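Below: the structure, in C-alpha cells.
By convention in this document, chain letters (A, B, ...) are assigned in the order of the sequence lines, proteins followed by strands, and residues within each chain are numbered from 1. Computed from a predicted structure; not experimentally measured.
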Amino acid sequence: MNIDEKVKYLMQGTEYGDQHMAHAMAIELKDRLIEAEQSGWPLKIYCGYDPRTTDLHIGHTVTMRKLRQFQELGHEVTFVIGTYTSLIGDPSDKDKLRPQLTPDEVLENARTYAEQAYRVLDREKTIIRYNAEWLSQLSFADLIKLASNFTIQQFLTRENFRIRWDNNEPIHLHELFYSLMQGYDAHVLETDVQVGGTDQLFNIMTASRKIMSYYGQKPNIGIILDILPGTDGEVKMSKSLGNHIPLNTTPEDMFGKVMSIPDKAMPKYAKLATSWQTDTVNEFCEALNKGSIHPRDAKMKLAFEIVSIFYSQKEAEEAKMHFITLFQKGDIPENIPTYELDQPKLLLDILVDVGLIDSKNQGRRLIEQNGIKFNGVIVADFNAEVNAKGLIQVGKRKFLRVLKG
RNA sequence: GGACGGUUACCCAAGUGGACAACGGGGACUGACUGUAAAUCAGUUGGCAGAGGCCUUCGGAGGUUCGAAUCCUUCACCGUCCA
C-alpha cells in the first residue's frame, strides 16, 4: 500500500457529519503517517472501552477492527479499559437502573473484555492499560485546571446535551467530566490517533484535542466511525435494546442473527463489521445497488464473513449449512432436545414443562394459529394427548423429540 | 426549603369512578407469501378453565364506593422549575 491507499484504508467507515472535518482529518493523518515513516517511530493509537458488562457485541468490534488495521500497518495500539470511568458509572444510562459496580466486578469484566478483544486484535501487539492508573491520581486542582479549558456553551452546543436542555431534561454536572477524563487519557498516552464512534465526536475532536494542546502536545487525530445499527437496522446496536449480536454465542446463532438484519442495513455491516478491504466493500455495495447479486446471497456472504472473523472458516461453513437446512429448506435440525414420556400426557403440558411455551394459554393461541405440529401434522385440538414417540414442532424454529420412557 | 408534574403490561404511551384484561405505537410470536428469520399483508400478545366463567394486574399500603387504573390519605421513588 502506498501512503494514499493507507489513508483511504484507515479512513474507511469514518463518519464526521461534516465534509470539512473529514477532509482535515485525512490530511492530518496523511502528514502524520509520513512523519512516522520518516522517523521510523510507529504512531500511537488508542480507543477506550468501559467494562460495564461482560458481554461484548459486534458493535464494539467496529472500533476494534479499526485498531486492528492500524496494527496491520505496524502501529502501536493501546486498548484502554475504563476501570475508573466505569466505577463512577455512565450517567446517560442512569434510567437503566444499572447497579454501581464494585472494583472487583470492574476488574473481572475488564479481564473478559481483553479476552474477547483478542478475537479481533493481535494479542502480541496490543497494549492494555487501565485508566484508573492515572485518573485516580488527579487532584481537585488538576481537575479545575482541566475544566478551565472549556466553556459551558461548548458543551451545550453538543447535540445530545442541546436536546436534553431544550426538553428540560437533566444534565448532570459530572457528565461533563467524562469528556475531560477522556481528554486526559489521550494526553497521558501521548496519542497520535484516537478511535471512537460518532457519539464520541465531541470527546475526541474537542475535548481531547483541547486538553492535549493545553499540555503542549500535538492534538490527536480523530478516527470517528459510523455507528453499527442493530439487528433492527435502525438504531445503534446495544444489549439493552435487545438488538445486539453478542460475541459470546454460537456460530449458528451469530449467522442467523446477521441473516435477520434488514436488507437496507447490509452496506453498513459490510463497511463496519467485516474485515474486507475498501474495494471489496465498494464492489459489494455496488453489486447490491445494481441487483447483480441476490440479496439473500449477499447477506449469506456477510454472515459467513462475520462469523468467520470470530470463529473458524469451518465453523462458519457449518453455521451456514445449519441455516440452509433449517430455514431455506425447512428441514429439521440435527440437535433437538428430547423429552422422556412415561405415560400419556397433554401436549400443552409437555410444552409448558420444557419451557417451549410460557403458558397453556399461549399454547392454545399457537394451536389456533396452526403453529404447532406433531409428526408434521397440524395440531387442532387444545387437549391433544401425546402417548407415542414423535416430533413436536412449535412455530418454525422450535422442536422437541418425544421419546417413550 | 418552596411550586408544580410524573410512576400503567417486555418498552413507549392513552385512559381521570362503571361498556377495562385496559386505546395506540414499538418489540416479540404465529400464519400467508417470498429471496432468509428481509420486505409486505393478516392475526396474536395476563393466568387458569371440556368455552365466554373465575382469578391476578395499572409504584407500595390503607380508605371512600354497590363498583376504582381512575376519588381520598399516607409512604416510596423519579423529574422540571424557583430558591
Do NZ/NE/NH1/NH2 and the carboxylate oxygens of A:Lys389 and A:Glu340 come within less than 4.0 Å?
no
Mind checking A:Lys299 for me? I need base, sugar-phosphate or nothing, with any heavy atom below 4.0 Å counting as a touch.
base
Under 4.0 Å between a side-chain nitrogen and a carboxylate oxygen: does that hold for A:Lys6 and A:Glu37?
yes
Only one of A:Lys236, A:Lys268, A:Lys66 clears salt bridge (Lys or Arg N to Asp or Glu O under 4.0 Å) with A:Asp226; which?
A:Lys268
Looking at A:Phe327, does the NZ or CZ of A:Arg397 lie under 6.0 angstrom from its six-membered ring centre and within 45 degrees of the ring axis?
no
Flag the pair A:Lys8 and A:Asp4 as a salt bridge only when some basic side-chain nitrogen lies within less than 4.0 angstrom of an acidic carboxylate oxygen.
no
Heavy atoms only, 4.0 Å cut-off, all strands: where does A:Pro262 land among base, sugar-phosphate and nothing?
sugar-phosphate
B:A69 to B:A19 separation - C1' atoms, rounded to the nearest Å:
16 Å
Interatomic distance at P, B:C71 relative to B:U16, whole Å:
9 Å
5'-most by nearest nucleotide on RNA chain B - A:Lys398 or A:Lys360
A:Lys398
Given atom CZ of A:Arg364 and atom P of B:U45, what is their separation to the nearest angstrom?
14 Å
Does A:Asp263 make a side-chain donor-acceptor contact with the base of B:G35, cut-off 3.5 Å?
yes
Would you say the side chain of A:Gln369 and the base of B:G43 hold a donor-acceptor pair, judged only by whether the two atoms sit under 3.5 Å apart?
yes
Which value, in whole Å, describes the distance between the C1' atoms of nucleotides B:G18 and B:U36?
50 Å
Measure CG/A:Leu288 against C1'/B:G35 and give the value in whole Å, please.
13 Å
Establish, with yes or no, whether the OP1 or OP2 oxygen of B:G35 is under 4.0 angstrom from a side-chain nitrogen or oxygen of A:Arg296.
no
Less than 4.0 angstrom between a side-chain N/O of A:Gln328 and OP1 or OP2 of B:U36, yes or no?
yes
Less than 4.0 Å between a side-chain N and a carboxylate O, is that true for A:Lys345 and A:Glu385?
no
Verify the contact: side-chain N or O of A:Arg365 to OP1 or OP2 of B:G47, cut-off strictly under 4.0 Å; return yes or no.
yes
What is the pairing partner of B:A61, taking Watson-Crick or G-U wobble pairs with both distances under 3.5 Å in any strand?
B:U73
Nearest-angstrom distance, P atom, B:C55 to B:A68:
13 Å
Whole-angstrom distance between B:G46 and B:A9, as gauged at atom C1':
8 Å
A:Glu368 and A:Arg364 ion-paired at < 4.0 Å:
no
Watson-Crick/G-U partner (both atom distances under 3.5 Å) of B:C33:
none
Assuming nearest nucleotide by heavy-atom distance, tell me which of A:His294 and A:Val394 is located more 5' along RNA chain B.
A:Val394
Under 4.0 Å between a side-chain N or O of A:Lys396 and OP1 or OP2 of B:U30?
no
Tell me the interatomic distance from A:Asp232, atom CG, to B:C11, atom C1', rounded to whole angstroms.
13 Å
Between B:G24 and B:A76, how far apart are the two P atoms, rounded to whole Å?
37 Å
Using purine N1 to pyrimidine N3 plus N6-O4 or O6-N4 for Watson-Crick, or N1-O2 and O6-N3 for G-U wobble, each under 3.5 Å, what pairs with B:U16?
none
Among B:G35, B:C48, B:A37, the one nearest A:Phe323 by side-chain distance
B:A37
Does a nitrogen or oxygen in the side chain of A:Asn361 sit under 4.0 Å from OP1 or OP2 of B:G46?
no
Please classify the nucleic acid contact of A:Phe382 as base, sugar-phosphate, or nothing, using heavy-atom distances under 4.0 Å.
nothing
Partner of A:Asp142 under side-chain contact (heavy atoms from CB on, under 4.5 Å), chosen from A:Leu146, A:Ile144, A:Leu138:
A:Leu138
In whole Å, measure the gap between the P atoms of B:G59 and B:A14 for me.
14 Å
Applying a 3.5 Å limit to both distances, which nucleotide forms a Watson-Crick or G-U wobble pair with B:C81?
B:G2
Could you state the CG-P distance from A:Leu302 to B:A37, rounded to the nearest angstrom?
18 Å
Rounding to a whole Å, what distance do you find between A:Tyr269:OH and B:A38:C1'?
13 Å
Check this one for me: any side-chain N or O of A:Ser359 less than 4.0 Å away from OP1 or OP2 of B:G47?
yes
Gap in Å between the two P atoms, one belonging to B:C58 and one to B:C66, rounded
23 Å
Provide, to the nearest angstrom, the distance between the CD1 atom belonging to A:Ile357 and the C1' atom belonging to B:U30.
13 Å
What is the separation between atom NE2 on A:His244 and atom P on B:A28, rounded to the nearest whole Å?
13 Å
Rounded to whole Å, CG of A:Asp349 lies from P of B:G50 at a distance of 10 Å
If pairing means Watson-Crick or G-U wobble with both distances under 3.5 Å, then the partner of B:G27 is B:U45
Strand partner of B:A9, provided both Watson-Crick or wobble distances fall under 3.5 Å:
none
